[in-house]
Structure formats: structure tokens, C-alpha cells
Visitor: 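I'd like to ask some things about the structure below.
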4 protein chains.
Amino acid sequence: MTGLTDRQRDIIQVAIRIISRKGIQELTIRNLARDLGITEPAIYRHFQSKSDILAAMLEYLHRDTIAIFDQVQDGESALDRLRDYFSRLFERLRENPATAAVVFSDEAFMNDDRLAATVRALVELTIDNTTNLLTLARENGEIRADVDEYDLATMLAGGVRLLVRRWHMSGNGWDLAAQGRSVIETFVKLVEVPR
Amino acid sequence: MTGLTDRQRDIIQVAIRIISRKGIQELTIRNLARDLGITEPAIYRHFQSKSDILAAMLEYLHRDTIAIFDQVQDGESALDRLRDYFSRLFERLRENPATAAVVFSDEAFMNDDRLAATVRALVELTIDNTTNLLTLARENGEIRADVDEYDLATMLAGGVRLLVRRWHMSGNGWDLAAQGRSVIETFVKLVEVPR
Amino acid sequence: MTGLTDRQRDIIQVAIRIISRKGIQELTIRNLARDLGITEPAIYRHFQSKSDILAAMLEYLHRDTIAIFDQVQDGESALDRLRDYFSRLFERLRENPATAAVVFSDEAFMNDDRLAATVRALVELTIDNTTNLLTLARENGEIRADVDEYDLATMLAGGVRLLVRRWHMSGNGWDLAAQGRSVIETFVKLVEVPR
Amino acid sequence: MTGLTDRQRDIIQVAIRIISRKGIQELTIRNLARDLGITEPAIYRHFQSKSDILAAMLEYLHRDTIAIFDQVQDGESALDRLRDYFSRLFERLRENPATAAVVFSDEAFMNDDRLAATVRALVELTIDNTTNLLTLARENGEIRADVDEYDLATMLAGGVRLLVRRWHMSGNGWDLAAQGRSVIETFVKLVEVPR
DNA sequence: AATGAATGAGACTTCATTCAT
DNA sequence: CATGAATGAAGTCTCATTCAT
């Protein structure tokens, strides 16, 4: 399905963990090999280059984020689907906090055009998903029509991003989902059209 | 004034430019020396270590951000001061787009405790400033009192952050101030109490 | 046995040779690599740091010195064993003159606590061995009892040390064993109890 | 007399102190300048090179050692003069412990032929002085005639050297003069002809 | 698949020394 | 006499990657 072997998946998981715990500067082939319990050249059996590992890692996160969006139920109101979407994002982060770090390591990918494009797409994905749901909400008359949707998406996605960033920097020391829900509900309160 | 020599200021400016254009991974003593037109050891006359260069750079940005907040006029309404504050931030970024990059390179500072703390403080500073102005706005009755201020600050600061980030990633290809004003006004429209 | 790979032994041997010929200041990773016919990074496959190379070298010499002492026969008189011990030390130095230099490079190890302790132990080892044999000799009634053993050990070990040092500084230009025997016999003549 | 300016003497004193406290590896122009409270280029007003500083330092110590020997009284017996000579050496070391370190940094001078020769001469000087006094003592019938004087000188000078070395390595933690006297007296007891 | 050994490039940093002022 | 600024050489060490086995 994903075109990845078991070993490749191992490598990606360990890479994500290293980035999460020590930062992307510590993601070296040496450290990767050590944590995997194999030698450095062995890694090159599974990926042609370090850049390929990072690309596969980003692609994996991309797919995962798409999958989360796809899981969001159809039947609900657009605002409920928005709530559902972010709940699932928070859920994934709680289960696998390491993924958060990768998204904030984007600067590290600047040198490699392919990686830069991929991580950019990853960031845009959440914004696009958010924008689409907001557009739907407006069409449904669930939210006020006198404000720019794109600005709303920027604030919501940006706010959540900032929240996750601080949660990560705090060492995941508090309940992201609770804080996240609070932000989402505040947002809804601001934009919702009273029925 | 800032306790920096001319040459130290040169070095910091060039460092910021390198980070902006190529990313922090390219900020090496070698590249720094090359862009300054001197040899690598010469840099060590002006800073004891690379870490000291980064620390001075962050401190400079910190001071600058504080100065911007201090310039915000007293007499206006809290919301106007909020507008003023972000306008000035956008203005600085337009004049010196390089500074944007540094704030998003935070991951790169993780390994150095001193730097990590400084960059964290830099991020918190904008959030704190925003929160304080929002608190004032509520006390003045300018904004609705039925929503959590901290959530509002998260959305506003996070939204602006995301906007700046995308502007930087796009190669500063569009008018940040205009887009930024739009986000701010949308935010104001959401929270403002009609008179 | 010693826990060292062949390549590690190579490196230690070359290191000892460099110290012997050019002094410890010339023992750089670069010179080591050049003499080994490999590149500098290759050395780090075999030792984690330069300090580790020096530590392994000192440990090797320590073991070697212990082994020499252990080879000294049991059956003889204490004075004969003393003669035997120093003969073997001189023999080793003739076979591997490089080892002499290391013992006189102690100052160079001052900055590294671990190395300083190891080289100090190496120096003390010969003094201790000498003292122990002298104590035995007195208990056997082989030497006069009216003089301080520790002073005797200091003179004997110090005299031999000085001799070796001068032999090394002269470029090993004369017969160390012969001169050494002369010193030992002079010492014995001074302390021996006539039968 | 010595052909040194005041400033040159300052530099030499500070150099000796650095060698004593931190080892010769720490004797850099930078550290020298810092401890002197001047800049690095300023040192080159007073000495043409670092090697010249070391040469002047060794020459100073050489002169000093000669002066000590010259102070030894003429009227006494040769053995008393020997006692006197070493007492004065110990006295100098107590007053200026730093000088001890220099003599044991000889390995560091290996690369520079001029320095190597100077430090070699310094070591030989004490041995020669000792040998000369022992020769005199034998001519006076003060010591036994059946042992090689040169071997005796080796043991005495070597023993004292080892003592000083250990005193230095212990951080000058005990009374060198007392221990030294003990060694000297033990030596005298061994070689003295009873009257 | 995996390993041991190696490599070229480059990282940060220190060294003794020079030169214009 | 002294300084500020700089330099060429060299230091230890890490990086991603390759290759023969």
C-alpha cells in the first residue's frame, strides 16, 4: 500500500523518535543506526540516501494526515466535522507525540528542494482542510458570512499550530486535547451563527 | 548602547541574512567568514564562540521586539494599539525580512540550553504582549467578555505566526502587511463589541 | 586478551613510535593517520577520541610493566630478584626504546585527569615494586637495616629513571643495560650486608 | 647583567607560573598576555618569538642553578657542601615552586633544537655539580673509594629529581626539604667512611 | 541483508605571528 | 610601547556515503 518495507517503516519510526527527543540536528545516520541496532551501511540497503529517509518520513506523515481527514464523518454539521478533525489530530499527537516535532523542523528541510516542497504541502494540507470545512460551514449557514474564510482558517490552524508547538516545547507536560478543545470552542463561539 | 562593537553588529547582520536565505544549517563559521570577506579565525576576535554569535543575535531581536511594543502609543484604544503593534511587526519584517527566519529556526537552538531559553522567551514575548493588550481591551469593554482571552491570544498570535511563516516560505512573494491587516481586522470583527 | 583489536594495536604502536621520535607534541591525529597510511577520520573507527588512544597506550604499558615484575623468579634472593627486575626493564627498553619516551611525557597528560592518574600510577608502580623488593631484602637480612627503605627505593628508582632519561635524550646512543647494571651493582654494594 | 629588561623578566616569571600551575601546554601567547594584562602583539615587543621566551626562561634557570652552586661555602667538607648544595636547591623550590615544573617539561622542548640543548644542559648541570662534589669527597677520603662516583651521582641526583617530581605532582603538599634531607642523609650514611 | 573499514568534505576552534595605526 | 584586526596552518572530530567481503 504505502510501498514501504517493514524495515523502512522501522527506520522512519526511529527517525521520528530521534527528531522528537533530540531535534533534527541529532538525526544522523550514525544515531539512526545505533538506535536501530544495526550498522550505518545497513541503512543504505533500505534507503538510498538520508534525504530519501526524510522524504519517506514526510510522505508518511502526509498520508496519515490525509487519512485522518478522511475519517471525519460525513453526516455531521460542518462545525462538528471541524471539531472532529482537530480532535483526531490531537489524538494522534497524544498517541505519537513525536510526529509534532517533525512539523516544526521544517527549517531543516530548506536545503533540499524536494523536502521543502513536501513539508510545505504538509503545512498547507491542514490549512486547506480547515478552509474547506469553513467554506462548507458558511454554505450551510452555520457561521457568519461577513468574515474572510481564509483569515479564519489562518487563525484556527495557526492557533492550533502554536498550541501544539508550545506543548511540544514544554515536553508534552499538559493535556493538549483539553487545551485544544478550548481553543476550538472559543473559535466556534466567535464564528457561529446563533440558531 | 547595545554593548556591541560595529564588527559584532556586522557579523550578526550577516548571520541573520544567511539564516534567512539558506537556513540555519548554512550558518557556519566558514560561510559567515566568506560573506564577511575575512578568514574564519578572524571571527573569533569578535565572538568567543558560534553559540555566542547566536545568543547575541537572539538578544538583538529580543530587544528589537520589546522596542516595537514600547513604541505603541498609549492614548489609543486597546484594539487600536493591537493594530498598531502588529503593523509595526509587519513593518519590521518588510524592512528586514531576514528576521522572520530566525524565529522559525527555533528547533535549531534545541541543543544549546541558553539559546533554547532565549528563543523560547522571544516566542512567548509576542504572545504575552498580545494577551496583555487583549486583557486591557476587555477591561475597557472593547471586546466581548464571554470568551477566554488566552484562547484569543493563541489564535491571533498563532494566526499571525502562520502567516509570516508562509510569507517567508514563499520567498516574501506577497504583501505581508496587507494580508496581516486582513487577519487582524477579521479578528477584531469577531471579538469587537459593537458600540 | 587485552581487549584490543589488531588495528587498535597498530595505532598504539605507531603512537608510541611518534612520541619516541618526535615527542608527544607531534602525536596528532593527522600524524598518526599519515604514519598509518589512512585518513584521519578512519582512526575514529577504532578509538572514540585521542584521549582514548593515549589511555589505551598507557594501559598497555602498565600491563607490560606488571608482566615484567611477575616474570621475576621467586626462588632467588631479594637482591637477585631486584637485579632481575631491572635487567628485564632494560631489556624491554632495548627492544622497544620508544616506550621510554612515554614515561617521560607525563607532563603532557596533565590536562586530562584520567590520563594523569594513569601515568602517575605507572610511575608509582616501579617505585612500589622496588620498595617491596627492598623490604623483602631487609626481612631476609640481605641489606642493612639502619637506613630508610623508602629513601633507598627513591635513590634506586630515581637513579634508574635518570639513566633511562639520559639514554633516551642521547638518542639511545649507548648501552643502557651495561650502564644500568653498573648502577644496580653500585647500589647493591652500598646496601648489602656482607655474609 | 642578565641582559633582560624588567618587562622581559615579568614575562618569564609569568611563563614559569603558567607552566607550574597548568602545564606547558597552557603556555600560549594568549594566556601569557592575559596573565600579564597586555595584548598578544605587545609580547612581541619584548621577545621575537615564543621560542625566545622559553630560551630566556631556561637560561635564567640555568644561571640561577649556577649561582646556587657558587654560593656553597668553600671551607666545609665536601659532604657538607653536598648537603648545603641540595638544601639550597630545596630552598629555592620552596620559595619558587614553579621552577620545578619547568625542569620536568623537558619533553615539550624536544622539537626545538636550541631549547632541547639548553634543557639538557640544565639537567646535566646538577649531575655534574654532584659528581664534582663526590669526586672531591673521595679525594678527601670522606667517602668510600670502592664505588663508581658516576653511579653515585646518578643515584643521588636521580633520587632527588624523583622526589621533586613527586612533590610537584602532589601539588607541593608536603615538606620537600625534610624529605630531601632524609634522602641525602641516607645517601651519606651509605657512602661515608667512618672516622 | 549486513558488516568492517575507509573516505572527502567540512564542522568549530586555537595557535603563533604580522601589520597598520 | 601598545593595540585592534587579521591570517595561514593546524588541531580534534563528525558527517553522509562507499566498497569489498
Visitor: Take the protein atom CD of E26(A) and the nucleotide atom P of dA11(E), then report the distance between them rounded to whole Å.
Guide: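 In whole Å, dA11(E) P lies 18 Å from E26(A) CD.
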Visitor: Do you know which of N111(C), D113(C), D112(C) makes side-chain contact (heavy atoms from CB on, under 4.5 Å) with L115(C)?
Guide: D112(C)
Visitor: Does a nitrogen or oxygen in the side chain of T28(B) sit under 4.0 Å from OP1 or OP2 of dA11(E)?
Guide: yes
Visitor: What nucleic acid atoms does I29(C) come within less than 4.0 Å of, heavy atoms only: base, sugar-phosphate, or nothing?
Guide: sugar-phosphate
Visitor: Rounded to the Å, how far apart are L54(C) CG and dT12(F) P?
Guide: 10 Å
Visitor: For H46(B) and dG4(F), is the shortest distance between a side-chain N/O and OP1 or OP2 below 4.0 Å?
Guide: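 For dG4(F), OP1/OP2 do not have a side-chain N/O of H46(B) under 4.0 Å.
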Visitor: Nearest heavy atom decides the nucleotide; on that basis, is A42(B) or N31(C) closer to the 5' end of DNA chain F?
Guide: A42(B)
Visitor: Can you work out whether Y44(C) or T5(B) has the more 5'-proximal nearest nucleotide on DNA chain F?
Guide: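 This one resolves to T5(B).
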Visitor: Just the rounded figure in Å: distance from P of dT12(F) to CD of Q25(C).
Guide: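 About 12 Å, once rounded to whole Å.
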Visitor: Between I29(C) and E40(C), which heavy-atom pair has the shortest distance, and what is it?
Guide: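 Scanning both residues, the minimum pair turns out to be CG2-CB, 3.9 Å.
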Visitor: Whole angstrom is fine here: how far is it from CG in N111(A) over to P in dC15(F)?
Guide: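 Interatomic distance, CG of N111(A) to P of dC15(F): 17 Å.
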Visitor: For a quick test of reading the model: is some side-chain N or O of R7(B) closer than 4.0 Å to OP1 or OP2 of dA6(F)?
Guide: yes
Visitor: If dC15(F) has a Watson-Crick or G-U wobble mate with both distances under 3.5 Å, name it; if not, just say none.
Guide: dG8(E)
Visitor: Restricting to non-hydrogen atoms, name the atom on I11(C) and the atom on L32(C) that form the minimum distance, rounded to 0.1 Å.
Guide: O-CD1, 4.0 Å
Visitor: Consider the side chain of T39(C), meaning its heavy atoms from C-beta on, and name the nucleotide among dA2(E), dA2(F), dG8(E) that approaches it most closely.
Guide: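 Side chain of T39(C) sits closest to dG8(E).
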Visitor: From CD of E40(A) over to C1' of dT7(E), roughly how many Å is that when rounded to an integer?
Guide: 13 Å
Visitor: Can you identify which nucleotide, out of dC15(E), dA5(E), dT14(F), has its nearest atom closest to the P41(B) side chain?
Guide: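 Within the option list, the nearest is dC15(E).
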Visitor: At under 4.0 Å between heavy atoms, what does L27(D) touch on the DNA or RNA strands: base, sugar-phosphate, or nothing?
Guide: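 It contacts sugar-phosphate atoms only.
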Visitor: Using whole Å, report how far CD1 of I53(D) lies from P of dT17(E).
Guide: 8 Å
Visitor: Round to a whole Å and report the spacing from CG of D6(D) to C1' of dC1(F).
Guide: 14 Å
Visitor: Let's test this: given Watson-Crick or G-U wobble pairing with both distances under 3.5 Å, identify the partner of dA20(F).
Guide: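 dT3(E) is the nucleotide pairing with dA20(F).
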Visitor: Check for a donor-acceptor pair, side chain of R120(A) on one end and backbone N or O of M169(B) on the other, with a separation under 3.5 Å.
Guide: yes
Visitor: Are any of the side-chain heavy atoms of D10(D) and Q13(D) separated by less than 4.5 Å?
Guide: no
Visitor: Does the pair R114(D)/D52(D) count as a salt bridge with the N-to-O cut at 4.0 Å?
Guide: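 Here R114(D) pairs with D52(D) in a salt bridge, since their nearest N and O are under 4.0 Å apart.
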Visitor: Name the nucleic acid region contacted by I38(A), choosing base, sugar-phosphate or nothing; use a 4.0 angstrom heavy-atom cut-off, strictly under.
Guide: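 Sugar-phosphate: the residue I38(A), judged by heavy atoms under 4.0 Å, touches backbone atoms but no base.
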Visitor: Ignoring hydrogens and geometry beyond distance, is the side chain of R30(C) in donor-acceptor contact with the base of dA10(F) at under 3.5 Å?
Guide: no
Visitor: What is the distance, to the nearest angstrom, from the CG atom on D112(D) to the P atom on dA16(E)?
Guide: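 Result: 13 Å.
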